[in-house]
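Have a look at the structure below, then the notes.
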Amino acid sequence: MNEIQVELKRVFLGQDDVVKQVLASLLAGGHVLIEGKPGLGKTHLVLALANTFGADFGRIQFTPDLMPSDVSGFTLFDMKSQTFQLRKGPVFTNLLLADEINRAPAKTQSALLEVMQEQQVTIDGDSLPLDAPFMTLATENPIEQEGTYPLPEAQLDRFLMKVVIDYPAKATEEMIVSQVTQRAGGKGLNPNAVREVCTKQDILSAQQECADVRVVAEVVKYAVELCRATRETGVISLGAGTRGAISLIQVAKAYALMAGRDFVTPDDVKDASLPVLRHRVQLSPEFLISGQTVDEAVSQIVQSVEAPRI
């Protein structure tokens, strides 16, 4: 995992926290919703990640006229053989980039629900499993509202983490501009330039090791208390459910493993709280009017819940 981080940071500069969160989600076997303004390298990151372990890569550009069959696939009658032939959709891959997922209506967005939860696709009554590992990385642009369809709460809950990419620091931005423009067509910092440092089987083995990381009862209780606290405050109208607590432990295990430990600490859970909970809660209308953000509300709740001493 350290070697993958090194390779990603060669072509994706100044976003160490983003890289850590995406890799933690890969280790935990979850999916990521990436939010960021245009031109900050969201697609770039996913392409580079696929190249580091030889993964198959698929991309769907979500648009208002995209149909569910364009995502999952369909059967087509072949006149020559007089049989129905399966045409698999782009979801049959290892890393799936769902680009600008909020540009498609709910009918099309829902085509990903079974894929993300069950890692299978049902076409004409037949359930077809996907090859492991499988991970969906969906992107959305936070600044455009026209022609977009907000993701329903049930689908948001399927994402293990919501990762926010912000503008890089000034010095880093200067470095990015310099390196990208060194090659014709702005092809510097090419995501295809990263080394393949491991195999898909290595990733599956790492995911099993992640699941085997030890968590004591006090840490599990802490994760549950954090999620319950989001339901018991007046700041939030919709709190995190049980899947939120499960996700906290999954990501905390990944953080522990990436730090070289075989046990989870309360700090691992605390570090995971913001990316895991920010898309699972909704602010009350009165607090939205005041200008408070979800991240601020979640951070206040985390500070209010006492962490166990272990």
- Message: The test is side-chain hydrogen bond (donor to acceptor under 3.5 Å, both in side chains); show your working for Thr265 and Asp267 and say whether it passes.
- Response: CA-CA 5 Å; Thr265 68; Asp267 283 341; 5.0 Å; no
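- The shortest side-chain heavy-atom distance between Met161 and Leu33 does not fall under the 4.5 Å cut-off.
- When all heavy atoms are compared, the tightest approach of Gln207 to Gly29 is NE2-CA, 3.9 Å.
- Side-chain atoms of Phe62 and Leu112, non-hydrogen and from C-beta on, do get closer than 4.5 Å to each other.
- Gln282 CD to His279 NE2: the interatomic distance, rounded to the nearest 0.5 Å, is 12.0 Å.
- In the hydrophobic clustering of ILVMFWY residues, with side-chain heavy atoms under 4.5 Å counting as a link, Val32 and Val164 come out apart.
- Between Ala24 and Tyr255 the shortest heavy-atom distance is CB-CE2, 3.5 Å.
- Under the 3.5 Å distance criterion, the side-chain polar atoms of Ser304 are matched with a main-chain donor or acceptor of Ile301.
- Residues Val177 and Val11 do not share a hydrophobic cluster, defined by chaining ILVMFWY side chains whose heavy atoms lie under 4.5 Å apart.
- For Glu306 against Glu225, the heavy-atom pair with the smallest separation is O-OE1, 4.4 Å.
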- Does the side-chain contact (heavy atoms from CB on, under 4.5 Å) test come out yes or no for Asp124 and Phe74, once each step is laid out? CA-CA 8 Å; Asp124 289 349; Phe74 54 90; over 6 Å; no
- Task: Show your reasoning for whether side-chain contact (heavy atoms from CB on, under 4.5 Å) applies to Val235 and Gln292.
- Result: CA-CA 9 Å; Val235 177; Gln292 189 173 18; 3.8 Å; yes
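- Electrostatic pairing of Glu218 and Lys221 does not count as a salt bridge here, judged by no charged N lying under 4.0 Å from a carboxylate O.
- Contact check on Arg10 versus Glu7 returns a salt bridge, with a Lys/Arg side-chain nitrogen under 4.0 Å from an Asp/Glu carboxylate oxygen.
- The nearest pair of heavy atoms linking Ile203 to Pro133 is CG2-CG, 4.1 Å.
- For the pair Gln117 (side chain) and Arg158 (backbone), a donor-acceptor distance under 3.5 Å is absent.
- Between Gln15 and Ile165 the shortest side-chain heavy-atom distance falls below 4.5 Å.
- Side chains of Thr293 and Asp295: a donor-acceptor N/O pair is absent below 3.5 angstrom, by distance only.
- His31 has its side chain out of reach of Ser25: every pair of non-hydrogen atoms, C-beta onward, lies at least 4.5 Å apart.
- The CD atom of Glu118 sits 9.0 Å away from the OG atom of Ser127 when rounded to the nearest 0.5 Å.
- The hydrophobic clustering, which links ILVMFWY residues whose side-chain heavy atoms are closer than 4.5 Å, places Val18 and Met258 together.
- Scanning both residues, Ala48 and Val194, for their nearest heavy atoms gives O-CG2, 3.6 Å.
- Atom CZ of Arg103 and atom CD1 of Ile101 lie 13.0 Å apart (nearest 0.5 Å).
- Within the 4.5 Å cutoff, no side-chain heavy atoms of Leu8 are placed close to those of Gln5.
- Checking side-chain atoms of Lys253 against main-chain N and O of Ala211 turns up a donor-acceptor pair under 3.5 Å.
- Atoms CD1 and OH, from Ile249 and Tyr222 in turn, are 10.5 Å apart once rounded to the nearest 0.5 Å.
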- Please report the C-alpha distance between Leu257 and Phe263 in whole Å, then the side-chain angles of each, then the deciding distance to 0.1 Å, and finally whether the side-chain contact (heavy atoms from CB on, under 4.5 Å) criterion is met. CA-CA 8 Å; Leu257 191 63; Phe263 60 92; over 6 Å; no
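- Arg59 has its side chain within reach of Thr43: a pair of non-hydrogen atoms, C-beta onward, lies under 4.5 Å apart.
- Between Leu226 atom CG and Thr230 atom OG1 the span is 8.5 Å, to the nearest 0.5 Å.
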- Task: Start with the C-alpha gap between Glu114 and Thr122, add the side-chain angles, then the distance that decides, and say whether side-chain hydrogen bond (donor to acceptor under 3.5 Å, both in side chains) holds.
- Result: CA-CA 8 Å; Glu114 181 187 17; Thr122 301; 2.6 Å; yes
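- Between the side chain of Thr136 and the backbone N or O of Leu96, no donor-acceptor pair lies under 3.5 Å.
- Screening Arg261, Arg214, Lys20 for a salt bridge (Lys or Arg N to Asp or Glu O under 4.0 Å) with Asp268, the sole residue that qualifies is Arg261.
- When all heavy atoms of Pro168 and Ile176 are compared, the pair lying nearest together is CG-CD1, 4.2 Å.
- The shortest distance between side-chain heavy atoms of Leu27 and Leu23 does not fall below 4.5 Å.
- Under the side-chain contact (heavy atoms from CB on, under 4.5 Å) rule, Leu277 has a single partner from Ser247, Cys227, Ser299, which is Cys227.
- In this structure, a donor-acceptor pair under 3.5 Å is present between the side chains of Asp212 and Gln208.
- The closest side-chain donor-acceptor pair between Asn94 and Asp131, if any, does not fall under 3.5 angstrom.
- Contact of the Glu140 side chain with the Leu151 side chain is registered, since non-hydrogen atoms from C-beta on lie closer than 4.5 Å.
- A donor-acceptor pair under 3.5 Å links the side-chain atoms of Arg280 to the main chain of Phe159, judged by distance alone.
- Hydrophobic clustering places Val71 together with Leu130 (ILVMFWY residues linked when any side-chain heavy atoms are closer than 4.5 Å, directly or through intermediates).
- Val197 and Phe57 fall within the same hydrophobic cluster, where Ile, Leu, Val, Met, Phe, Trp and Tyr residues are linked whenever their side-chain heavy atoms come under 4.5 Å apart, directly or through other members.
- When only modelled atom types and interatomic distance are considered, Ser237 and Ser284 share no side-chain donor-acceptor pair under 3.5 Å.
- Met116 CE to Gln120 CD: the interatomic distance, rounded to the nearest 0.5 Å, is 14.5 Å.
- In this structure a side-chain-to-backbone donor-acceptor pair under 3.5 Å is present from Thr93 to Asp56.
- Each of Val22, Leu97, Val19 was checked for a side-chain contact (heavy atoms from CB on, under 4.5 Å) with Leu49, and the lone residue meeting it is Val22.
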- Could you go through the side-chain contact (heavy atoms from CB on, under 4.5 Å) check for Thr52 and Cys198 one step at a time? CA-CA 7 Å; Thr52 59; Cys198 63; 5.9 Å; no
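- Residue Glu232 places its CD atom among more than 12 non-hydrogen atoms of other residues, nucleotides or ligands, all under 6.0 Å distant.
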- Item | Asp202/Thr199 under side-chain hydrogen bond (donor to acceptor under 3.5 Å, both in side chains): CA gap, chis, key distance, verdict | CA-CA 5 Å; Asp202 292 329; Thr199 66; 3.2 Å; yes
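- Results of the salt bridge (Lys or Arg N to Asp or Glu O under 4.0 Å) test with Glu35 over Lys162, Arg278, Lys42 single out Lys162 as the only residue that passes.
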